[in-house]
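Here is the structure we will look at.
Sequential numbering from 1 along the given sequence is applied to the chain's residues. Whatever order the structure lists ligands and atoms in, that order sets their numbers, starting from 1.
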Amino acid sequence: MADTTDHSTTGANAPAYYVSTPIYYVNDRPHLGHAYTTVAGDVLTRWHRQRGEKVWYLTGTDEHGQKIMRTADANGVTPQEWCDKLVEEAWKPLWRHLEIANDDFIRTTEERHTARVQEFVQDLYDKGEIYKGGYSGPYCVGCEEFKLPSELLDGATEDEKLCSVHKRPVEWLEEENYFFRLSAYAERLLEFYAANPDFIQPASARNEVLRFVEQDLKDLSISRSTFNWGVPLPWDEKHVLYVWVDALQNYITAAGYGSDPERFAELWPASVHLVGKDILRFHAVIWPAMLMAAGLPLPKRVVANGWLMVGGEKMSKSNLTGIAPTDLTSHFGVDAYRYYFLRAIPFGTDGSFSWEDFTARYTSELANDFGNLASRVAAMVGKYFDGSLPAAVASGDAEQAVADGLAKAVAAADLKIGEELDFAGGIAAIFEFVKQVNGYLTEQEPWKVAKDDSEEGRARLATILYTAAEALRATAVLLNPVMPSTAEKLWVSLGAEAGLGALSAQTVATVADWGRLPAGSTVTKGEILFPRLEEKPAA
Ligand code: MSP
C-alpha cells in the first residue's frame, strides 16, 4: 500500500508526488460531485506538501467532443467561446473559492496540449498501433462512449435503449474510423495488474477492471469524422481524435511530455490519478494500454471514488440534480464544506448529501468539539494568565496521555490520509484526539483549579492550559490540509507564528514533538472558528 518512492525536496530531479483530478467537461457548471474529487486531491497534496515533499497537483478541463459542441450550438456561440466563458466564469473561480492549491490547470484546447497529442498519436500510427476500420454501435453522448449491451436499459419504445448512467436514449453510430489495437494489450495489462496489486483501488474497482479485461477486450475506435470539434489526426485531417484519447493525454502534456524532458522526468509517472468510478476503465485499461504502446511508464495508482447521490441517483447536471458548491459554502463556509464530504463519506463508496447530516456534523464536531475547545482555552489563558501562555511546570501522567494521544493521531492520520486515501478515517483519528483533549479538560477542571491561589494550584493551572494549547497547536497543523483558513485562524490565536514560524512551514515529521509551542506565546481570543449557523435558507 505504501508508496516507497522518495519525494523529498532535497534530491535534484527527485520524483515529485504528482496527483491529478479528472479533467472536467465544461458543457455545464461544476456541481458537488466534481468538487468532491478536487477537494480530495487538494487535501491529499496539501498533506504531502506538509510532509516536506515535492508535490504537483494538476486539474483542468476537457473541452472537445460532441457534448461540448452541441451545448455551444444550443447557446449560439462557438465551442471555443463557450469553453472560454465557462472556464473563466465557473470552473477556475470555484477552485479558487474552495482554496484548491493546484499547481497547474490544463485545458485541452491549449496548444501545449493539442500539439503534443498529435505527436503522440502520430507515433502510435507510425508504429502500426492504429489502423483504419469500421464500427457501429450504441453511443452515449453524455458519457462520450460506445456502450456494451449490458450497459443499456430499455427505453419507452421497443427500439429505444437508454444509457444506464444518464438514463437518456443512446444514438446509433456507424462510421469508418481509426482504431487503436487495444485488444493486443489484454495479456500485458493482466500481467501488469498482477504485478502491481495496488494499481487500482479500491479492491472492488480492481475486480471490476480485471473482469472487464479478462473478457473480450475490443479494439478502440479513436477517431470521428462526422463533426470537427476535436484534435485533427495529423495523417488524416478529415478525422478528429476521439475526445477520450485526447483527454487522457492531459496527464502527460501538462507534465512536460514532448516539451520539457527534465520536468517530465521529475513528474512522470504520476503517483495517483483520482477518478470517479464511472471513468475507471478509461484510466485503468485504455490509458495504460496507450502508454504501453508509446513505451512510457504507467501511473502508480488509479484510485476511484464513489458518487454523490441524490434520491438514489448519481448527482448530475443533466438530470437536474446538480447542486452548486456555493449553495452550501454560503451557509456552512468553505472549510466546513471541505471537511464534511471527506469526513461523512468513506472514499470509494457512494454517499448521499443531506442538509440535516451536514448541519449535525457542523454543530457537534466542528462547532462544539473543536471550535469550543479552541475558544475556551484561549479565553482561560486570557483570564488567568493575561493572554501569555504559561509553561507546563507540573506535568504528570495525564499530560503524558495527551502527548501519547497526539503521537497516535499523527501516525494514524499520516497513514490514512497520506497513503491509503482514507480521508474519513484520517480525519476521524484527528478528531479522536480533539475528543481526548476535551475529556482531559473535563477531568482536570481548570476552572476549579483556578480558585486555588497557592503556588501549587497556579502550577497545576499553568500545566493544564499549556497542555491544551499545545494540543491545539498540533491540531492546527493536522487540520491545515483539510481546513486551511480555520487552521490559520487557530495558529494566529495561539500566537504560534512568533515562536514557530508560518503554519505552512510546519511538517508532519515534527507535529508530534511535544512542547513545541513556546511558553510566553501571546494567546488571543481570535475569531469564532465555527459560528452558529443561520436558519436554513428557503429552498
Ligand atoms: N471529461 C471526463 C474526464 C476525462 S479525464 C481524462 C469526464 N468529465 S465529467 O465532468 O463528466 O466528470 C468528471 C468527474 O466528475 C468524473 O470522475 C465523475 O465521476 C465525477 N462526477 C460527476 N458526477 C459525480 C457525482 N455525482 N459524484 C461524484 N463524482 C461525480 O468524465
N or O contact, [X] vs ligand 1, cut-off under 3.5 Å:
X	result
P22	no
M315	yes
I279	no

Looking only at protein heavy atoms, identify the closest one to [atom] and say how far it is in Å.
atom	result
atom 27 (N) of ligand 1	L308 N, 2.7 Å
atom 1 (N) of ligand 1	D62 OD2, 2.7 Å
atom 3 (C) of ligand 1	I23 O, 3.1 Å
atom 8 (N) of ligand 1	Y25 CD1, 3.2 Å

**Item:** Region of E144 engaging ligand 1 - heavy atom pairs below 4.0 Å
**Value:** neither
**Asked** Considering only heavy atoms, does W244 approach ligand 1 within less than 4.0 Å through its side chain, its backbone, both, or neither?
**Response** side chain
**Axial cation check for F212 ring with R281, 6.0 Å and 45° limits** = yes
**Item:** Cation-pi, Y242 ring and R224 (6.0 angstrom, 45 degrees)
**Value:** yes
Mind checking whether [X] has a heavy atom under 4.0 Å from ligand 1?
X	answer
M309	no
D278	yes
Y251	yes

**Request:** For residues F358 and Y362, establish whether the separation of their ring centroids is below 6.0 Å.
**Result:** no
**Asked** Taking only residues at least two apart or on different chains, which pairs with a member in residues 135-146 satisfy salt bridge (charged side-chain N to carboxylate O under 4.0 Å, His left out)?
**Response** E145-K147
**Message:** So, using salt bridge (Lys or Arg N to Asp or Glu O under 4.0 Å) as the criterion, who are the partners of E88 when residues are at least two apart?
**Reply:** K92
**Request:** Might you point out which heavy atoms bring F192 and P299 nearest each other, and give the distance in Å?
**Result:** CZ-O, 4.5 Å
